[in-house]
Asker: 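My questions all concern the structure below.
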Amino acid sequence: MARRWTNDLTQADVTPRAIWMNRRQILAGAAGLGLTAVPARAAAELEPNTLEQIRNYNNFYEFGYDKTDPARHAGAMVTRPWTIRVDGLVERPGDYAPEELLAGLEVEERIYRLRCVEGWSMVIPWNGVELADVLAKVGVRDGARFVAFETTVQPEAMPGVRRRVLDFPYLEGLRLDEALHPLTILATGIYGEPLANQNGAPIRLVVPWKYGFKSIKSIVRISLTAEQPPTTWSRTSPQEYGFYANVNPHVDHPRWSQASERRIGGGLFAGRIPTLMFNGYEAEVAALYEGMDLVENF
Ligand SMILES: Nc1nc2c(c(=O)[nH]1)N[C@H]1C(S)=C(S)[C@@H](COP(=O)(O)O)O[C@H]1N2
Ligand SMILES: [Mo]
């Protein structure tokens, strides 16, 4: 059994090593720029956003482009009963209820940064299980190298689907080793409450070191594949959105810098804060990309 990752971002946190290391890097960088007041940044970034903020500023294009569209419309999405088709290179393919996939697994709290490719961010206290444990239940077969995910399509409830603002269903994918990484979770709640529909009820992916668009919501299909699966954003605009989409302050979006971000409800740091390599999870995930060109594989 893989070593369990322990949460580095609890409210009562006492600056564990990974954060301390990041802070030293930030301090070193800031000193060069002659900035002050940086030590407080690490404390500010650990403060989770409120449920109010998390439920009212969303990206869920099925419901429209505007950040307030999901909260306005997602209540109409039907989330019960819910079936997740598990297929492809698995030992036990089938149509599963979320409860079946979660049975026997302990739902943990994971307080993660969420960094949208658009340049805003939040800190969200998710409740969920490691995707690796769910994949172990269904049994990954030899030859599987990727995991593909698909979101529900409910045109009656989804104005963005009716207007075809993107090519739906929304599709995402991970390399198998990314999917099996202990930071990768399937979330079912936030702050101990079931996910609001606009946050991806009843079950969504959370991959904290990647741009938010990889964290696909309201999942109805999980497929194990040999080939790299198509993903919605890289299909829509391949020059702007790659398959990997790792948070990287050194690789800019063609139309804007990714070096900093606006923390929603930023308080003391209402201005922009520096974006961290792999969104602050470098110590945990950098090894996955050893020897890879992160500019080419953006
Ligand atoms: N199905 C689906 N999943 C999605 C999206 C979407 O439009 N449709 N938006 C993504 C983007 S761009 C981000 S930043 C996050 C936002 O998650 P949140 O609204 O729960 O904070 O969801 C991601 N998952
Ligand atoms: Mo995003």
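Just so it is clear, the model here is predicted, and its values are computed rather than measured. These numbers come from the heavy atoms of this one structure, side chains and all, not from hydrogens, waters or symmetry mates.
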Asker: Could you please spell out the steps behind the side-chain contact (heavy atoms from CB on, under 4.5 Å) verdict for Leu294 and Met277?
Answerer: CA-CA 11 Å; Leu294 297 179; Met277 187 66 201; 3.7 Å; yes
Asker: Heavy-atom count check: over 12 atoms from other residues, nucleotides or ligands less than 6.0 Å from Glu91 CD?
Answerer: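 Enclosed: over 12 neighbouring heavy atoms sit under 6.0 Å from CD of Glu91.
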Asker: So how far is it from Phe213 CZ to Ser234 OG, rounded to the nearest 0.5 Å?
Answerer: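 Rounded to the nearest 0.5 Å, the CZ-OG separation comes out at 7.5 Å.
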Asker: Evaluate whether atom CZ of Arg80 has more than 12 neighbouring non-hydrogen atoms of other residues, nucleotides or ligands under 6.0 angstrom away.
Answerer: no
Asker: Before accepting this row, confirm whether a basic side-chain N of the pair Arg55/Glu193 lies closer than 4.0 Å to the acidic partner's carboxylate O.
Answerer: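 A salt bridge is present here (some side-chain N lies under 4.0 Å from a carboxylate O).
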Asker: Any idea which heavy atoms bring Pro93 and Asp87 closest together, and the distance?
Answerer: CB-CA, 4.3 Å
Asker: As an exercise, state the distance from CZ of Arg163 to CZ of Phe63, rounded to the nearest 0.5 Å.
Answerer: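 If I round to the nearest 0.5 Å, the distance is 12.0 Å.
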Asker: Would you say Leu171 and Ile219 are hydrophobically clustered, going by side-chain heavy atoms of ILVMFWY under 4.5 Å?
Answerer: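 No, no single cluster joins them.
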Asker: I'd like to know if the side chain of Asn246 reaches the main chain of Phe278, judged simply by a donor and an acceptor atom lying under 3.5 Å from each other, with no hydrogens or angles considered.
Answerer: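 No.
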Asker: Without swapping roles, check the side chain of Arg204 against the backbone of Ala187 for a donor-acceptor pair under 3.5 Å.
Answerer: no
Asker: Which heavy-atom pair separates Leu102 from Lys137 by the least distance, and what is that distance?
Answerer: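 Scanning both residues, the minimum pair turns out to be C-NZ, 3.7 Å.
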Asker: Less than 6.0 angstrom separating the ring centers of Tyr241 and Tyr211, yes or no?
Answerer: no
Asker: Kindly compute the distance separating CG (Asp95) from CZ (Arg221), expressed to the nearest 0.5 Å.
Answerer: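 One gets 10.0 Å once the value is rounded to the nearest 0.5 Å.
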Asker: So, Gln154 and Thr152: side-chain donor and acceptor under 3.5 Å apart, yes or no?
Answerer: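 Looking only at side-chain atoms, Thr152 and Gln154 do form a donor-acceptor pair, the distance falling under 3.5 Å.
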Asker: How about Phe149 and Leu131: do any of their side-chain heavy atoms sit closer than 4.5 Å?
Answerer: yes
Asker: Of the non-hydrogen atoms in Arg113 and Tyr281, which two are nearest, and what is the gap between them?
Answerer: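 Heavy atoms only, the tightest pair is N-OH, 3.0 Å.
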Asker: Is there a donor-acceptor contact under 3.5 Å from the side chain of Tyr244 to the main chain of Glu296?
Answerer: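 It does not hold such a pair.
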Asker: For the CD1 atom of Ile84 and the OG atom of Ser218, what is their distance to the nearest 0.5 Å?
Answerer: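 Ile84 CD1 to Ser218 OG: 10.0 Å, rounded to 0.5 Å.
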Asker: Please check if the side chain of Asn199 supplies one atom and the backbone of Ile54 the other of a donor-acceptor pair under 3.5 Å.
Answerer: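 Looks like yes, one N/O pair under 3.5 Å.
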Asker: With a 3.5 Å distance limit and no angle check, can you tell me whether Thr184 reaches the backbone of Glu178 through a side-chain donor-acceptor pair?
Answerer: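 Side chain of Thr184 to backbone of Glu178: a pair is present.
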Asker: Give a yes or no answer on whether the side chain of Gln228 reaches the backbone of Phe146 with a donor-acceptor pair at less than 3.5 Å.
Answerer: no
Asker: Compute both the distance and the angle, then confirm whether Arg175 meets the cation-pi test with Phe243: under 6.0 Å from the six-membered ring centre, within 45 degrees of the axis.
Answerer: no
Asker: Would you indicate whether Gln239, at its atom CD, is surrounded by more than 12 heavy atoms from other residues, nucleotides or ligands within a distance under 6.0 Å?
Answerer: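 More than 12 within 6.0 Å, yes.
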Asker: Report yes or no: do Ser121 and Arg263 form a side-chain donor-acceptor pair below 3.5 Å?
Answerer: yes
Asker: We want to know whether Lys67 and Asn58 form a side-chain donor-acceptor pair, criterion being a heavy-atom distance below 3.5 angstrom.
Answerer: no
Asker: Output the distance between atom CG (Leu205) and atom CG (Leu186), rounded to the nearest 0.5 Å.
Answerer: 6.0 Å
Asker: Identify whether Phe298 and Val207 are in the same connected component of the hydrophobic contact network (ILVMFWY, side-chain heavy atoms under 4.5 Å).
Answerer: no
Asker: Any sub-3.5 Å donor-acceptor pair from Arg262's side-chain atoms to Trp120's backbone N or O?
Answerer: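 It does not hold such a pair.
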Asker: Considering non-hydrogen atoms only, spot the tightest contact between Leu135 and Ala179 and give its length.
Answerer: CD1-CB, 4.3 Å
Asker: Okay, side chain of Lys214, backbone of Gly173: is any donor-acceptor separation there less than 3.5 Å?
Answerer: yes
Asker: Please report the shortest heavy-atom distance between Ile264 and Asn49, naming the atom on each side.
Answerer: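 Looks like O-ND2, 2.7 Å.
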Asker: With side-chain contact (heavy atoms from CB on, under 4.5 Å) as the test, would you mind laying out the steps for Val147 and Ile222 before giving the verdict?
Answerer: CA-CA 7 Å; Val147 187; Ile222 300 177; 3.7 Å; yes
Asker: For the residue pair Ile111 and Pro48, what are the closest heavy atoms and their distance?
Answerer: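 Looking at all heavy atoms of both residues, the shortest contact is CG2-CG, 4.1 Å.
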Asker: Any donor and acceptor pair, going by atom type alone, linking the side chain of Ser257 with main-chain N or O of Asp252 inside 3.5 Å?
Answerer: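 No; judged by distance alone, with no hydrogens or angles, the pair does not exist.
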Asker: Mark yes or no for whether Arg110, through its side chain, and Gly128, through its backbone, hold a donor-acceptor pair below 3.5 Å.
Answerer: no
Asker: Could you go through Arg85 and Glu150, starting from their C-alpha distance and side-chain angles, then the distance that decides it, and tell me whether this counts as side-chain contact (heavy atoms from CB on, under 4.5 Å)?
Answerer: CA-CA 10 Å; Arg85 172 153 298 178; Glu150 196 175 308; over 6 Å; no
Asker: Side-chain heavy atoms under 4.5 angstrom apart, residues restricted to Ile, Leu, Val, Met, Phe, Trp, Tyr: same cluster for Val138 and Leu105?
Answerer: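 Per the 4.5 Å side-chain linkage, Val138 and Leu105 are co-clustered.
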Asker: Yes or no on side-chain contact (heavy atoms from CB on, under 4.5 Å) for Asn248 and Val295, after CA distance, side-chain angles and deciding distance?
Answerer: CA-CA 9 Å; Asn248 189 336; Val295 175; over 6 Å; no
Asker: So how far is it from Leu176 CG to Arg145 CZ, rounded to the nearest 0.5 Å?
Answerer: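 Leu176 CG to Arg145 CZ: 10.0 Å, rounded to 0.5 Å.
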Asker: Anything under 30° is parallel, anything over 60° is perpendicular, the rest tilted; go ahead and classify Tyr65 against Tyr61.
Answerer: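 The rings of Tyr65 and Tyr61 stand perpendicular, inter-plane angle above 60°.
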